[in-house]
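In what follows, a structure is listed as structure tokens, so that the remarks can point back to it.
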There are 2 protein chains.
Amino acid sequence: MTDPGQDLQAEAGEVKVLAELFHQMADPTRLLLLMSMFSGEKCVCELAEQTDVSVSAVSHQLRSLRTARLVRSRKNGRHVFYMLDDDHVKDLVSKGLEHVRE
Amino acid sequence: MTDPGQDLQAEAGEVKVLAELFHQMADPTRLLLLMSMFSGEKCVCELAEQTDVSVSAVSHQLRSLRTARLVRSRKNGRHVFYMLDDDHVKDLVSKGLEHVRE
DNA sequence: TGAATATATGAGCAATTGCTCAAGTATTAT
DNA sequence: ATAATACTTGAGCAATTGCTCATATATTCA
């Protein structure tokens, strides 16, 4: 259901930021990375394994997600753990799946 | 809040379809077109006017949105009216704006 | 019928994307 | 110190994107 408390009018600037948010979720690899983090923080090598993409490619995409503030990272020894920055992404994927599954 | 009734596990195929959904919403022009339809069906020339994009470009993007089943159209005389195919898009934009507005 | 309006579509092109590969930094282990 | 592991980063490249422009189709109007 559409949240009635949300103002659906938006300025041009807001639309661009919103498009950028969806853009981050529009690539299968990035989307899979985000979904892998639903169960908690994951290190780069785990993410690479789960998505079957090279460590380098994953690192590039994580940088993109981090710059866009969808994820944040924490360093521990030689591992870097990535996690969702907030729960909105999870909500969006949930809503998206509702649509996909009709 | 994350819908607890939604299964957040997804197969590879589902992820691709979901990415495609977000991809449609990831372009500022397409997003603006979708948002213009929140208040009801609009003809191509109205949409072009509101988004300040050429009629040709709008038509191309509407075709993309229609193929991806985010919108559907209805012909009346020489006008073609476009409308959202269901309310999920509206929900996604609403959730997205929550994120953007922190 | 012919002109005007509304929309669709294909070609072409610059910009962006997502990968690989090679090289770099940082941390731990021997 | 040297090697191994974990990750990052820049260059380069093929594929995709979103526009414009020209042209085509469909409908209404005079």
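It should be emphasised that the depicted structure is a prediction, and the values quoted were computed from it without experimental measurement. In what follows, every chain begins at residue 1, and chains take the letters A, B, ... in the order their sequences are listed.
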Item checked: Within-4.5 Å side-chain heavy-atom neighbours: B:H23 and A:H23 -> no
Next item on the list: Flag the pair B:L62 / B:S73 as yes when at least one side-chain heavy-atom distance between them is below 4.5 Å, and no otherwise.
Entry: no
Check: Near DNA chain D, which residues from residues 36-51 of chain A have a heavy atom under 4.0 Å away?
Finding: A:C43, A:V44, A:C45
Note to self: Judged by each residue's nearest nucleotide on DNA chain C, which is more toward the 5′ side, B:S73 or A:S64?
What the structure shows: B:S73
Using OP1 and OP2 only, check whether a side-chain N or O of [X] sits under 4.0 Å from [N].
X: B:S59; N: C:dA6; value: no
X: A:Q61; N: C:dC19; value: yes
X: B:Y82; N: C:dA6; value: no
X: B:H79; N: D:dT27; value: no
X: B:R63; N: C:dT9; value: yes

To the nearest Å, how far apart are [X] [atom1] and [N] [atom2]?
X: A:L31; N: C:dG18; atom1: CG; atom2: P; result: 12 Å
X: A:L62; N: C:dG18; atom1: CG; atom2: C1'; result: 14 Å
X: A:H23; N: D:dT17; atom1: NE2; atom2: P; result: 11 Å
X: A:R30; N: C:dT16; atom1: CZ; atom2: C1'; result: 11 Å
X: B:L65; N: C:dA8; atom1: CG; atom2: P; result: 12 Å

Margin query: If the condition is side-chain contact (heavy atoms from CB on, under 4.5 Å), which residues does A:H60 pass it with, not counting sequence neighbours?
Written below: A:S56
Next item on the list: Could you list the residues that satisfy side-chain contact (heavy atoms from CB on, under 4.5 Å) with A:R63, not counting sequence neighbours?
Entry: A:T67
Next item on the list: Pick base, sugar-phosphate or nothing for B:T29, based on heavy-atom distances below 4.0 Å to the nucleic acid.
Entry: sugar-phosphate
Next item on the list: Could you tell me which residues satisfy side-chain hydrogen bond (donor to acceptor under 3.5 Å, both in side chains) with B:H99, sequence neighbours excluded, listed by chain and number?
Entry: A:D86, A:H88
Quick check for you: to the nearest 0.5 Å, what is the distance between [X] atom [atom1] and [Y] atom [atom2]?
X: B:E98; Y: A:D87; atom1: CD; atom2: CG; result: 11.5 Å
X: B:L33; Y: B:M25; atom1: CG; atom2: CE; result: 12.0 Å
X: A:C45; Y: A:R78; atom1: SG; atom2: CZ; result: 10.5 Å
X: B:Q61; Y: B:T29; atom1: CD; atom2: OG1; result: 6.0 Å
X: A:C43; Y: A:E49; atom1: SG; atom2: CD; result: 8.5 Å

Checklist line | Sidechain-backbone polar pair: B:R66 side chain, B:R72 backbone, donor-acceptor under 3.5 Å | finding: no
So which protein nitrogen or oxygen atoms get under 3.5 Å of nucleotides 11-15 of chain D's nitrogens or oxygens?
none

Note to self: Does atom CD (A:E20) have a neighbourhood of more than 12 heavy atoms from anything else shown, all under 6.0 Å?
What the structure shows: yes
Strictly under 3.5 Å: I want the nitrogen or oxygen pairs between protein and nucleotides 22-30 of chain C, one per line.
{"residue": "C:dA26", "atom": "O3'", "partner": "A:K75", "partner atom": "NZ", "Å": "3.2"}

